[in-house]
Amino acid sequence: MDDGFFSGQFLIAMPGISDPRFERALILICAHDAEHAMGLAVNNPVDGLTVPDLLDRLEVASTIELPPDLVLLGGPVERDRGFVLHSMDYDGEPTLAVTPGVALTATREVLEAMASHNGAPSKSLLALGYAGWGAGQLEDEIKANVWLTCDADDELIFGRDHDSKWRRALGKLGVDPDRLGAAAGRA
């Protein structure tokens with residue numbers, strides 16, 4: 001990236017990551033600048049919680065039959081706060097462009113749109129919580145080989161096979177996860 005920041009990129013957790021909350025994590029970096037970084041894990045389902053269940057709990061009335069997509073744990077920070085990654089065909093405000101085809105919205109209006117025919121995004125992912133880093137922290141972790149980075153793509157973001165996303169992201173880099181060790185090093 002020209003600016004040294006990783007917005008719109010995936011972070012792929014290396015084996016042996018010291019924080020078990022991020023073991024085999026695939027995180028889409030949604031915002032990154034000199035002061036902070038924020039991302040959502042796209043491969044960590046909340047056990048047994050579906051989008052229709054959560055919308056029902058939040059009293060968001062659905063006018064359509066929603067698929068039983070799983071709600072994801074986006075990260076350990078503010079786990080009671082919801083975030084929706086979605087295709088750009090949803091035009092609600094405020095949204096943050098993450099990649100050329102994906103945006104992030106954290107309002108009740110996007111949940112209401114998901115539950116209706118009016119303005120619903122064609123692709124969406126609902127996550128609770130996020131991963132966050134302070135100034136320079138993410139860059140230091142990448143230099144320390146805690147994370148690999150790769151370009152984001154819609155299938156890894158919105159695909160439902162959460163168990164294979166980490167492995168498939170490594171495959172995009174030509175890396176066989178079975179050949180990775182837990183010890184980091186530098187050449």
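Any value given below was found using the heavy atoms of this structure, including those in side chains, with hydrogens, waters and symmetry copies removed.
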field: Straight-line distance of Phe83 CZ to Leu96 CG, nearest 0.5 Å
entry: 11.0 Å
- prompt: Does the side chain of Asp154 come within less than 4.5 Å of Ser87's, by heavy atoms?
  reply: no
- prompt: With a 4.5 Å limit on heavy-atom distance, are the side chains of Asp19 and Val146 in contact?
  reply: no
Lys123 vs Ile157 side-chain heavy atoms within contact, under 4.5 Å: no
message: To the closest 0.5 Å, what do you measure between CD (Glu112) and CG (Leu55)?
response: 9.5 Å
message: Counting only heavy atoms not in Asp47 (residues, nucleotides, ligands), do more than 12 fall under 6.0 Å from its CG?
response: no
statement: CD of Glu139 to CZ of Phe6, rounded to nearest 0.5 Å, is 7.0 Å
query: Between OG of Ser116 and CG of Leu111, what distance do you get to the nearest 0.5 Å?
result: 11.0 Å
- prompt: Do Leu49 and Leu70 belong together in a cluster built from hydrophobic side chains that touch within less than 4.5 Å?
  reply: no
statement: Heavy atoms of Met114 and Ala120 approach each other most closely as CA-CB, 4.2 Å
- prompt: Can you check whether Asp140 reaches Trp133 side chain to side chain, under 4.5 Å on heavy atoms?
  reply: no
- prompt: Would you call Tyr90 and Glu109 a side-chain contact if the rule is heavy atoms closer than 4.5 Å?
  reply: yes
- request: Identify, with sequence neighbours excluded, every residue that meets side chain to side chain contact (heavy atoms under 4.5 Å, CB included) alongside Asp33.
  value: Glu35, His36
- prompt: Cluster question for you: counting only ILVMFWY and a side-chain heavy-atom cut-off of under 4.5 Å, with indirect links fine, are Val77 and Val71 together?
  reply: no
message: Between Leu40 and Leu104, is there a side-chain heavy-atom distance shorter than 4.5 Å?
response: yes
- request: Kindly work out whether a path of hydrophobic side-chain contacts (I/L/V/M/F/W/Y, heavy atoms less than 4.5 Å apart) joins Leu26 to Met38.
  value: yes
task: Look only at the side chain of Asp89 and the backbone of Ser122, and say whether a donor-acceptor pair between them is shorter than 3.5 Å.
output: yes
field: Chi angles and distances behind the salt bridge (charged side-chain N to carboxylate O under 4.0 Å, His left out) call for Asp153, Lys172
entry: CA-CA 10 Å; Asp153 67 57; Lys172 285 181 65 155; 2.8 Å; yes
message: The test is side chain to side chain contact (heavy atoms under 4.5 Å, CB included); show your working for Val102 and Phe158 and say whether it passes.
response: CA-CA 10 Å; Val102 177; Phe158 298 115; 3.9 Å; yes
For the student: nearest non-hydrogen atoms of Asp69 and Arg160, plus distance: OD1-NE, 2.6 Å
- prompt: Among Asp151, Thr99, Thr149, which one satisfies side-chain hydrogen bond (donor to acceptor under 3.5 Å, both in side chains) with Gln9?
  reply: Asp151
task: Classify the ring geometry between Phe22 and Trp147 as parallel (under 30°), tilted (30 to 60°) or perpendicular (over 60°).
output: perpendicular
task: Hey, could you give me the CG/CD1 distance between Leu170 and Ile12, rounded to the nearest 0.5 Å?
output: 4.5 Å
- line: Residues Cys150 and Ala169: closest non-hydrogen pair is SG-O, 4.2 Å
query: Which atom pair, heavy atoms only, marks the closest approach of Asn43 to Pro45?
result: O-CD, 3.4 Å
message: For a side chain to side chain contact (heavy atoms under 4.5 Å, CB included) check, start with the C-alpha distance between Asn44 and Leu72, then their side-chain angles and the critical distance, and finish with the verdict.
response: CA-CA 5 Å; Asn44 190 8; Leu72 302 181; 5.6 Å; no
message: Are Leu126 and Ile64 linked, directly or through intermediate hydrophobic residues, by side-chain heavy-atom contacts shorter than 4.5 Å (ILVMFWY only)?
response: yes
query: Going through the checks in order, is the side chain to side chain contact (heavy atoms under 4.5 Å, CB included) test met by Leu11 and Leu138?
result: CA-CA 10 Å; Leu11 296 180; Leu138 178 57; 3.5 Å; yes
- prompt: Does any non-hydrogen side-chain atom of Leu54 lie less than 4.5 Å from one of Leu128?
  reply: yes
Side-chain donor or acceptor of Arg108 paired with backbone N/O of Leu58 under 3.5 Å: yes
query: Can a salt bridge be assigned to the pair Arg167 and Asp178 using a cut-off of 4.0 Å between side-chain N and carboxylate O?
result: yes
Non-hydrogen atoms of Ala131 and Pro76 that approach each other most closely: CA-CD, 4.3 Å
- line: Here the gap from Thr50 atom OG1 to Leu66 atom CG, rounded to the nearest 0.5 Å, amounts to 8.5 Å
- prompt: Is Leu156 reachable from Leu73 through a run of hydrophobic residues whose side-chain heavy atoms are each under 4.5 Å from the next?
  reply: no
query: Looking only at heavy atoms, which two atoms of Thr105 and Pro94 are closest? And how far apart?
result: CG2-O, 3.4 Å
